[in-house]
Amino acid sequence: MNFNHRTLIAMALVAVLAPSGLSAAQKDTQLTSPDGRIAVKISATTEKVTYSVTYDGKSILEPSQVSMTLEDGTVFGTGKIKKVTTGKVAQTGLKTVAYKKAEVDDVYNWAALSYSNCNLEFRAYDDAVAYRFVSTAKKGDFNVTSEQAEFKFTDDLKAWVPYVSHKGTFESQWNNSFENTYTHISLSEWDKERLAFLPVAFDAADGVKVLITESDLLHYPGMYLSYTGGNTLEGVNAKYPTAVTVGGHNNLQGIIQGRENFISKAVAGQKFPWRILGIVPQAKDLTNLDLVWRLATPADPQADWSWVKPGKVAWDWWNDWNIYGVDFRAGINNDTYKYYIDFASANNIEYVILDEGWAVNLKCDLFQIIPEIDLVELTEYAKSKNVGLILWAGYKAVEKDIEGVFKHYSEMGIKGFKVDFMDRDDQEVVEFYENVARIGAKYHLLIDFHGAFKPSGLQRAYPNVLNFEGVHGLEQMKWSKADQVTYDLIIPFVRMAAGPMDYTQGAMRNATKGNYQPINSEAMSQGTRCRQLAEYAIFDAPLTMMCDSPSNYMAEKECTDFIASFPTTWDETVAVCGEIGEYVAIARRKGDKWYVGAMTDWNARDLELDLGFIGGGQMTAFQDGVNADRAAKDYKKVQCALPSDGKVKVHMAPGGGWAAIITR
């Protein structure tokens with residue numbers, strides 16, 4: 001293990017040699033979390049290994065089997081155990097680059113079962129259990145045919161399930177955009193014919209919440225969950241593609257031509273992904289988990305990441321380049337983008353994105369630019385205004401020549417790429433992400449993965465990777481009648497637990513439940529104006545989009561000034577309160593200012609937020625107006641001192657929100 005020299009470490013190791021005859025008997029290893037609330041029992045025989053989990057003495061998981069089968073018939077997790085090793089790690093003050101807090105503590109107890117060909121590692125945190133396999137072979141490549149990751153819950157828990165959005169064979173479901181709303185059902189109601197992508201959350205007894213996700217996903221396919229009966233879920237992984245051709249959306253997607261009979265090509269000594277079972281005492285704790293970051297491979301400690309500059313982005317596509325009050329034809333052209341750049345510069349917005357349309361359509365070639373765009377001129381103009389440009393690019397167009405594309409546009413002055421339409425997480429695509437991150441870092445380019453699976457740790461290994469989509473975001477409001485307000489109250493607890501999400505908030509056209517309509521060219525949001533403002537505090541995105549038209553923002557200067565002042569990374573995050581699907585409140589600190597957001601579902605709601613931890617200060621708050629239930633854009637700006645007891649009473653209209661900046 002490599003540790004930062006500034007980190008305080010406490011470690012104790014105990015090596016227990018396997019007694020003779022171990023292969024014929026069960027060997028149990030007990031592991032507890034540092035606070036003692038989580039207990040893990042690992043039981044191994046020569047035939048199998050299982051683990052079970054309790055929280056405060058109550059069973060969460062019954063014995064659940066784990067294994068990994070190789071193409072030559074070898075099965076990790078079977079055979080004679082050579083030794084069991086246990087220990088403790090306490091790393092404090094781990095520095096982050098672009099994250100929801102400046103420092104992270106990594107404190108856990110661990111156990112490792114050593115076999116002749118692999119280790120099986122377990123960790124117990126105060127808020128999670130995690131395990132993974134590690135190959136111990138010194139040489140030789142091998143293929144993984146399948147992995148067994150069983151989650152046998154003690155009870156028929158209610159689950160927040162993000163099914164793959166289309167039905168069909170499991171193989172057909174491996175191709176998806178990782179965007180869907182949640183179905184809240186008991187495990188016994190899970191559709192056996194459908195996969196769910198991660199993370200998935202569960203309601204346990206006494207308000208306890210459980211979350212399944214993964215971390216350190218490198219050189220290996222991502223995991224889905226399927227229902228196998230009873231109270232049991234099992235991991236499913238996409239098989240390795242035999243061939244992928246260009247096709248799909250504007251000739252930018254990968255079309256699978258067939259799949260192998262294995263899921264992964266692996267190498268000697270490979271570390272496989274961590275399987276994570278998060279366990280927290282109440283729902284709000286899900287909004288501030290560090291599990292994926294902690295368990296991920298750290299960034300190169302010798303690398304200089306000071307060039308990574310998160311920030312807000314003036315975005316073109318959601319508002320359909322729909323500006324007005326100008327004397328030129330709006331669209332994908334230099335005049336329009338200079339208007340966006342001027343707006344960004346005037347409002348201290350760090351970036352402007354050029355979304356789909358700047359490169360010639362259907363060519364799958366990022367060196368062919370439409371004649372209406374002079375990218376060199378735009379880049380120089382943006383530089384003169386202290387604004388950076390980010391380019392949208394389709395998956396296959398980038399894959400053709402990652403090195404050449406990134407080198408060329410980095411030298412031009414482009415600051416990053418939004419890479420879209422991967423829509424898979426088999427090993428080939430996972431390795432594409434790794435290549436984009438690595439080569440992007442080489443050329444000092446920020447990366448935003450759209451059409452993407454959930455964050456799985458790459459953002460720690462490569463801090464230039466700032467955003468992932470994998471979310472049913474505000475873009476859906478251009479065409480969908482889905483209940484986005486309720487969805488917005490689920491993702492802070494479930495999807496966001498894995499890491500940052502490219503939700504793309506900031507709508508200035510807002511609608512009540514009865515008035516909402518999807519309109520592509522003049523899109524609106526569901527819920528109130530203050531809900532959109534609150535999302536800048538609640539949603540985690542180091543590259544935070546301002547999705548609406550600059551013209552609309554300039555017509556709403558008070559709100560624009562407010563959200564333009566928000567940071568996008570934080571020194572500290574505090575989960576204030578919340579229940580999944582009902583309401584949420586989160587506070588985040590940057591320097592001497594706190595930024596607080598609260599949202600409710602379609603029910604009007606009164607909350608008393610306990611902000612006593614802030615310690616006083618002057619507060620500027622935006623609250624739903626008295627008529628926000630009729631005209632969703634109605635709001636009221638209030639300036640006052642934070643009450644001495646830190647208690648703030650908040651009233652929210654149906655689909656409403658509340659946002660505040662507090663200066664100490």
Side-chain angles (χ1 to χ4, degrees), residues 96-101 292-293 299 305-319 337 340-341 343-345 347-356 382 386-393 398 406 409-410 413-422 433 436-437 440-441 443-455 458-471 473-475 491 495-496 498-507 532 535-548 550 553 563-570 573 588 590 595:
T96 67
V97 177
Y99 195 54
K100 62 188 175 186
K101 55 193 70 169
V292 171
W293 192 94
W305 299 103
S306 63
W307 58 270
V308 174
K309 303 294 184 186
K312 291 175 292 298
V313 185
W315 185 36
D316 53 2
W317 181 86
W318 191 82
N319 57 75
Y337 281 115
Y340 278 80
I341 291 166
F343 163 74
S345 180
N347 290 277
N348 297 313
I349 296 167
E350 291 85 352
Y351 299 101
V352 168
I353 200 163
L354 277 69
D355 212 283
E356 185 173 13
N386 199 31
V387 174
L389 297 186
I390 295 172
L391 300 179
W392 181 96
V398 175
F406 284 6
Y409 286 109
S410 173
I414 296 299
K415 300 302 181 183
F417 276 85
K418 175 182 176 181
V419 186
D420 202 350
F421 286 117
M422 286 73 68
Y433 280 53
V436 167
Y443 292 106
H444 287 196
L445 292 169
L446 306 177
I447 302 298
D448 174 6
F449 285 117
H450 217 63
F453 58 84
K454 81 285 174 192
L458 188 66
Q459 66 273 28
R460 183 180 181 188
Y462 294 97
N464 60 311
V465 177
L466 297 182
N467 279 21
F468 298 77
E469 192 184 16
V471 65
L474 199 73
E475 68 178 34
I491 51 174
R495 163 60 183 83
M496 199 170 75
M501 52 189 193
D502 198 9
Y503 179 93
T504 65
Q505 64 266 38
Q532 290 296 300
E535 288 175 351
Y536 285 90
I538 293 170
F539 293 161
D540 177 17
L543 273 180
T544 303
M545 302 294 156
M546 293 178 66
C547 71
D548 217 325
Y553 283 126
I563 60 179
S565 70
F566 270 60
T568 65
T569 58
W570 310 93
T573 291
R588 304 187 192 270
K590 190 76 167 184
Y595 301 77

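Shown here are the side chain to side chain contact (heavy atoms under 4.5 Å, CB included) partners of Asn319, two or more places apart in sequence or in another chain: Tyr340, Asp548, Ser549. Not a single side chain to side chain donor-acceptor pair (under 3.5 Å) links Asp540 to another residue, sequence neighbours left out. Among residues two or more places apart in sequence or in another chain, the side chain to side chain contact (heavy atoms under 4.5 Å, CB included) test is passed with Ala441 by Trp305, Trp307, Tyr462, Asn464. With sequence neighbours excluded, the residues forming a side chain to side chain donor-acceptor pair (under 3.5 Å) with Tyr503 are Gln484, Asp488, listed by chain and number. Taking the ring pair (Phe, Tyr, Trp, His ring centres under 6.0 Å) definition, one finds that Phe343 meets it with Tyr553, sequence neighbours left out. Residues meeting the side chain to side chain donor-acceptor pair (under 3.5 Å) test with Thr504, sequence neighbours left out: none. For Lys418, the salt bridge (Lys or Arg N to Asp or Glu O under 4.0 Å) test picks out Asp355, with sequence neighbours left out. Shown here are the ring pair (Phe, Tyr, Trp, His ring centres under 6.0 Å) partners of Trp293, two or more places apart in sequence or in another chain: Tyr99. By the side chain to side chain contact (heavy atoms under 4.5 Å, CB included) test, Glu475 is found to be paired with Glu179, Trp317, Trp318, His450, Glu469, Trp479, residues two or more places apart in sequence or in another chain being considered. With sequence neighbours excluded, the residues that form a ring pair (Phe, Tyr, Trp, His ring centres under 6.0 Å) with Tyr595 are Phe566, Trp570. Residues that satisfy the side chain to side chain donor-acceptor pair (under 3.5 Å) test with Lys309, not counting sequence neighbours, are absent from this structure.
The CD atom of Glu350 sits 11.0 Å away from atom OG of Ser345, with the distance rounded to the nearest 0.5 Å. Rounding to the nearest 0.5 angstrom, the gap separating the CG atom in Leu354 from the CG atom in Leu389 is 6.0 Å. How far CD1 of Ile353 is from CH2 of Trp392: 10.0 Å, rounded to the nearest 0.5 Å. Between atom OH of residue Tyr351 and atom OG1 of residue Thr568 there is a gap of 8.5 Å, rounded to the nearest 0.5 Å. Considering OG1 of Thr573 and NZ of Lys590, their distance stands at 10.0 Å, rounded to 0.5 Å.
Nearest heavy atoms, Leu445 versus Gly416: CD2-N, 3.8 Å. In terms of heavy atoms, Pro542 sits closest to Pro310 at O-CB, 3.2 Å. Residue Ala564 comes nearest to Asn347 through the heavy atom pair CB-O, 3.7 Å, listed as atom of the first residue, atom of the second, then distance. Counting all heavy atoms, side chain and backbone alike, Pro455 lies closest to Ala498 at CB-O, 3.4 Å. Across Gly451 and Asp420, no two heavy atoms sit closer than the pair N-OD1, 3.2 Å.
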Pair Asp316-Val352, side chain to side chain contact (heavy atoms under 4.5 Å, CB included): steps then yes or no: CA-CA 8 Å; Asp316 53 2; Val352 168; over 6 Å; no
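Between Phe406 and Val398 the shortest side-chain heavy-atom distance falls below 4.5 Å. Contact annotation: the side chain of Leu446 never approaches that of Asn467 to less than 4.5 Å [non-hydrogen atoms, C-beta and beyond]. Side-chain contact between Val313 and Ile349 is absent, with no heavy atoms from C-beta onward closer than 4.5 Å. The shortest distance between side-chain heavy atoms of Leu474 and Cys547 falls below 4.5 Å. Looking at heavy atoms from C-beta onward, Ile491 lies in side-chain contact with Phe539 at the 4.5 angstrom threshold.
Proximity of a side-chain donor or acceptor of Arg460 to a complementary backbone N or O of Thr96 within less than 3.5 Å is not detected. No donor-acceptor distance shorter than 3.5 angstrom exists from the side chain of Glu535 to the backbone of Gln505, with no hydrogens or angles considered. Within the 3.5 Å criterion, the main-chain N or O of Lys100 finds no donor-acceptor partner in the side chain of Arg588. Proximity of a side-chain donor or acceptor of Tyr536 to a complementary backbone N or O of Pro567 within less than 3.5 Å is not detected.
Among pairs with a residue in residues 443-454, those fulfilling salt bridge (charged side-chain N to carboxylate O under 4.0 Å, His left out) read Glu214-Lys454, at least two apart in sequence or across chains.
Ring geometry for Phe449 against Phe468 counts as tilted: the plane angle lies between 30° and 60°, on a 0 to 90° scale.
Separation of the Tyr433 and Phe453 ring centroids falls under the 6.0 Å cut-off.
Counting only N and O atoms by type, the side chains of Lys415 and Ser410 include no donor and acceptor under 3.5 Å apart.
Within 6.0 Å of NZ in Lys312 there are more than 12 heavy atoms belonging to other residues, nucleotides or ligands.
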